Amino acid sequence: MEKIVILTGAGISAESGLGTFRDEGGLWAQHRIEDVATPEGFARNPALVHQFYNARRVQAAKAQPNAAHQALARLQKDWPGEVIIVTQNVDSLHEAGGAKHVIYMHGTLAGALCGNCGHCWTSPLEMEVDEPCPVCQQPLVRPDVVWFREMPYFMDEVHDHLAGAALFASIGTSGQVYPAAGFVQQARAVGARTVELNLEPSAGASMFDETHLGSASTVVPRWVDQLLAQGSTQ
Ligand code: APR
């Protein structure tokens with residue numbers, strides 16, 4: 001049965017109250033990427049990085065999944081084939097909305113990582129700068145989030161899923177950050193149909209066969225209803 005691969009970005013969590021990055025007043029208007037989302041920034045000032053992620057973790061813990069998250073979980077449940085959700089987001093709203101086996105290619109706010117030995121564990125709501133790693137005791141704990149110039153997680157698995165996709169949908173992402181922004185080209189190369197659902201056309205809009213413009217909580221449930229009603233991705 002036809003396999004659907006879905007990529008999501010910050011726009012799907014916007015209506016749950018979590019900030020996006022590149023919209024007016026977004027996170028990258030409030031913080032310098034170099035300071036809070038790079039290994040160099042962390043080495044320079046770990047306290048600032050923890051402050052940035054602690055604030056996002058506290059906010060994400062209070063957020064509720066919206067109708068878009070719930071609609072994708074319904075698609076996973078009711079679609080006769082595989083539905084794979086790959087997210088650039090580090091919040092857990094897809095799973096809170098009922099989705100399964102979500103692929104977190106940029107890591108998660110819920111994860112802590114030891115910068116020394118690589119041990120991962122569940123992060124406290126607010127991380128301390130010199131919290132010792134439970135395994136090697138070194139005080140180099142960091143959020144288990146993928147920063148710029150670091151390798152995203154699970155790329156081999158994502159490429160395998162894309163290679164077998166009949167439909168690729170991109171939801172709530174500006175299409176400006178690779179490798180995620182390149183997934184649509186991979187999907188097209190294997191003949192998959194490509195759909196974009198976003199508030200406004202993304203940087204890669206011209207590569208999509210179909211576009212649904214609007215707020216995710218409106219356009220995603222409507223698109224899922226259409227897909228389930230037609231029973232085919234074409
Ligand atoms: N519904 C649908 N789309 C929305 C909504 C909404 N309510 N609000 C905003 N959007 C769209 C915006 O139009 C924009 O195209 O979501 C997109 C958000 O884009 P970005 O802020 O660039 O977020 P994203 O694409 O997820 O960023 C990718 O960049 O900074 C890194 O690691 C970070 O994962 C992030 C990656």
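In this text the structure is predicted, and so the values were computed from the model without any measurement. Below, each value reflects all heavy atoms present in this structure, side chains not excepted, and no hydrogens, waters or symmetry copies.
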Trainee: For Q230 and S232, indicate whether the former's side chain and the latter's backbone hold a donor-acceptor pair under 3.5 Å.
Mentor: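 Side chain of Q230 to backbone of S232: a pair is present.
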Trainee: Between the side chain of Q76 and the main-chain N/O of G98, is any donor-acceptor distance below 3.5 Å?
Mentor: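 Looks like no, no N/O pair under 3.5 Å.
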Trainee: How long is the gap from CD on E82 to NE2 on H161, to the nearest 0.5 Å?
Mentor: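 Reported value, rounded in 0.5 Å steps: 6.0 Å.
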Trainee: Would you give the length of the straight line joining atom CG of L162 to atom CZ of F168, rounded to the nearest 0.5 angstrom?
Mentor: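 Going from the CG atom of L162 to the CZ atom of F168 covers 6.0 Å.
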Trainee: Test your reading of the model: is there a side-chain donor-acceptor pair from N54 to the backbone of M127, 3.5 Å cut-off?
Mentor: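 Flag set: sc N54 to bb M127 pair under 3.5 Å.
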Trainee: Quick one: does L167's side chain get under 4.5 Å of V195's, heavy atoms only?
Mentor: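 A side-chain contact under 4.5 Å exists here.
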Trainee: How close do S215 and E15 get, counting heavy atoms only, and between which atoms?
Mentor: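 Closest approach of S215 to E15, heavy atoms only: CB-OE2, 3.4 Å.
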Trainee: Before giving the answer on side-chain contact (heavy atoms from CB on, under 4.5 Å), spell out for W121 and L113 the whole-Å C-alpha distance, their side-chain angles and the decisive distance to 0.1 Å.
Mentor: CA-CA 7 Å; W121 66 101; L113 170 69; 5.9 Å; no
Trainee: Quick one: do W223 and F208 end up in the same hydrophobic cluster if we chain Ile, Leu, Val, Met, Phe, Trp and Tyr together by side-chain heavy atoms under 4.5 Å apart?
Mentor: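 Shared cluster, no.
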Trainee: Could you check if a side-chain atom of L72 sits within less than 4.5 angstrom of a side-chain atom of V220, using non-hydrogen atoms only?
Mentor: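 When only atoms from C-beta onward are counted, V220 and L72 do touch, with a gap below 4.5 Å.
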Trainee: Would you check if Q64 and S16 make a side-chain contact, meaning some heavy-atom pair closer than 4.5 Å?
Mentor: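 Contact flag for Q64/S16 side chains = no.
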Trainee: Does any non-hydrogen side-chain atom of V90 lie less than 4.5 Å from one of R56?
Mentor: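 Yes; the side chains approach each other to less than 4.5 Å.
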Trainee: Scan side-chain atoms only and decide if Q186 and H159 contain a donor-acceptor pair under the 3.5 Å cut-off.
Mentor: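 Distance-only check passes for Q186 and H159.
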Trainee: Do Q88 and T8 pair up side chain to side chain, a donor and an acceptor below 3.5 Å, judged on atom types alone?
Mentor: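 No, T8 and Q88 have no side-chain donor paired with an acceptor closer than 3.5 Å.
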Trainee: Among D225, T218, V224, whose side-chain contact (heavy atoms from CB on, under 4.5 Å) with R222 holds?
Mentor: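 Considering D225, T218, V224, a side-chain contact (heavy atoms from CB on, under 4.5 Å) with R222 is found only for T218.
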Trainee: Tell me whether V102 shares a hydrophobic cluster with F154, the cluster being built from Ile, Leu, Val, Met, Phe, Trp, Tyr side chains joined at under 4.5 Å.
Mentor: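 No, V102 and F154 fall in different hydrophobic clusters.
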Trainee: Should R44 and D35 be marked as a salt bridge (charged side-chain N to carboxylate O under 4.0 Å, His left out) after you check the CA-CA gap, both sets of side-chain angles, and the distance that decides it?
Mentor: CA-CA 8 Å; R44 210 172 31 247; D35 292 341; 3.2 Å; yes
Trainee: Could you tell me which non-hydrogen atom of K3 sits nearest to which non-hydrogen atom of G164, and how far apart they are?
Mentor: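 Looking at all heavy atoms of both residues, the shortest contact is CB-O, 3.5 Å.
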Trainee: Taking all non-hydrogen atoms of both residues, which atom of V190 and which atom of A165 are closest, and how far apart?
Mentor: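 Closest approach of V190 to A165, heavy atoms only: CG2-O, 4.2 Å.
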Trainee: Would you name the heavy atoms of A71 and P221 that are closest together and state the gap between them?
Mentor: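 Where A71 meets P221 most closely, the heavy atoms are CB-CA, 3.7 Å.
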Trainee: Determine whether the side chains of H69 and S13 contain a donor N or O and an acceptor N or O closer than 3.5 Å.
Mentor: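 Yes, a side-chain donor-acceptor pair sits under 3.5 Å.
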Trainee: Minimum heavy-atom separation for E200 and L213, please, with both atom names.
Mentor: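 Residues E200 and L213, closest heavy atoms: C-CD2, 3.6 Å.
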Trainee: Do T173 and L7 have side-chain heavy atoms sitting under 4.5 Å apart?
Mentor: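 Contact flag for T173/L7 side chains = yes.
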Trainee: Looking only at atom types and distance, does a side-chain atom of N45 sit under 3.5 Å from a main-chain N or O of L48, one as donor and one as acceptor?
Mentor: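 Here the side-chain-to-backbone pair exists.
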Trainee: Start with the C-alpha gap between L75 and L227, add the side-chain angles, then the distance that decides, and say whether side-chain contact (heavy atoms from CB on, under 4.5 Å) holds.
Mentor: CA-CA 9 Å; L75 183 63; L227 209 50; 4.1 Å; yes
Trainee: For the residue pair F42 and H50, categorise the inter-ring angle as parallel (less than 30°), tilted (30 to 60°) or perpendicular (more than 60°).
Mentor: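 Because their plane-to-plane angle is over 60°, the rings of F42 and H50 count as perpendicular.
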Trainee: Under the criterion side-chain contact (heavy atoms from CB on, under 4.5 Å), I'd like the reasoning laid out for Q59 against L18: C-alpha separation, chi angles, the key distance, then a yes or no.
Mentor: CA-CA 7 Å; Q59 198 193 23; L18 299 186; 3.7 Å; yes
Trainee: Can you tell me how far the OG1 atom of T87 sits from the CD1 atom of I12, to the nearest 0.5 Å?
Mentor: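 Between T87 OG1 and I12 CD1, I get 7.5 Å after rounding to 0.5 Å.
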Trainee: Is there side-chain contact between Y153 and I103, with at least one heavy-atom pair below 4.5 Å?
Mentor: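 No, too far: nothing below the 4.5 Å cut-off.
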Trainee: Mind checking the CD-CD1 spacing from E95 to I85? Nearest 0.5 Å is all I need.
Mentor: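 Between atom CD of E95 and atom CD1 of I85 there are 9.0 Å.
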Trainee: Please answer: with hydrophobic residues joined when any side-chain heavy atoms are less than 4.5 Å apart, are M151 and F183 in the same cluster?
Mentor: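 Yes, it is one cluster - the side chains of M151 and F183 are joined through contacts under 4.5 Å.
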Trainee: So with a 6.0 Å cut-off around CD of E128, is the heavy-atom count from everything else above 12?
Mentor: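 At most 12 heavy atoms, drawn from other residues, nucleotides or ligands, come within 6.0 Å of this atom.
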Trainee: Hydrophobic cluster membership, with links at side-chain heavy-atom distances under 4.5 Å among I/L/V/M/F/W/Y: are F52 and F148 in one?
Mentor: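 Yes.
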Trainee: Please state whether the rings of Y53 and W147 are parallel, tilted or perpendicular, taking 30° and 60° as the class boundaries.
Mentor: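 Rings of Y53 and W147: tilted, as their planes differ by 30° to 60°.
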Trainee: Which heavy-atom pair separates A73 from G97 by the least distance, and what is that distance?
Mentor: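 A73 and G97 have their closest heavy atoms at CB-O, 3.2 Å.
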Trainee: Is the shortest heavy-atom distance from the side chain of M105 to the side chain of M155 under 4.5 Å?
Mentor: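 Touching, per the 4.5 Å side-chain cut-off.
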Trainee: If you define the side chain from C-beta out and look only at heavy atoms, does anything of V141 sit under 4.5 Å from C114?
Mentor: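 No - every pair of side-chain heavy atoms lies 4.5 Å or more apart.
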Trainee: How many angstroms lie between CG in D91 and NE2 in H94, if you round to the nearest 0.5 Å?
Mentor: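 The distance works out to 7.0 Å.
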Trainee: Should the pair R74 and W79 be classed as cation-pi, given the thresholds of under 6.0 Å to the six-membered ring centre and 45° from the axis?
Mentor: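 Relative to the ring axis of W79, which defines the angle, R74 lies outside at least one limit.
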Trainee: For N198 and I171, indicate whether the former's side chain and the latter's backbone hold a donor-acceptor pair under 3.5 Å.
Mentor: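 No.
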Trainee: Does E150 pair with R142 as a salt bridge, N-O distance under 4.0 Å?
Mentor: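 Salt bridge between E150 and R142, a charged N being under 4.0 Å from a carboxylate O: yes.
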Trainee: Using only heavy-atom distances, determine whether the side chains of T38 and R149 contain a donor-acceptor pair under 3.5 Å.
Mentor: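 Not at all, the side chains of T38 and R149 share no donor-acceptor pair under 3.5 Å.
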Trainee: Does any donor atom in the side chain of S217 or N66 lie under 3.5 Å from an acceptor atom in the other side chain?
Mentor: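 N66 and S217 do not have a side-chain donor-acceptor pair below 3.5 Å.
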Trainee: Looking just at side-chain N and O atoms, do E196 and S170 make a donor-acceptor pair shorter than 3.5 Å?
Mentor: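 Result is no, nothing qualifies.
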Trainee: Looking at D209 and R188, does any basic side-chain N land under 4.0 Å from a carboxylate oxygen?
Mentor: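 Salt bridge: yes.
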Trainee: Do M207 and V158 sit in the same hydrophobic cluster, where Ile, Leu, Val, Met, Phe, Trp and Tyr count as joined when their side-chain heavy atoms come under 4.5 Å apart?
Mentor: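 Result: yes, single cluster for both.
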Trainee: Let me confirm one number: the CZ-OG distance from R57 to S123, rounded to the nearest 0.5 Å.
Mentor: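 R57 CZ to S123 OG: 3.5 Å, rounded to 0.5 Å.
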Trainee: Test side-chain contact (heavy atoms from CB on, under 4.5 Å) on R22 and V177; report intermediate values, then the result.
Mentor: CA-CA 11 Å; R22 294 172 183 81; V177 176; 3.2 Å; yes
Trainee: Do the side-chain N and O atoms of Y104 and D144 include a donor-acceptor pair separated by under 3.5 angstrom?
Mentor: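 Their side chains do not contain a donor-acceptor pair, so the 3.5 Å distance test is not met.
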Trainee: Kindly determine whether R193 and E210 satisfy salt bridge (charged side-chain N to carboxylate O under 4.0 Å, His left out), including the steps that lead there.
Mentor: CA-CA 8 Å; R193 182 162 172 69; E210 184 184 331; 2.6 Å; yes
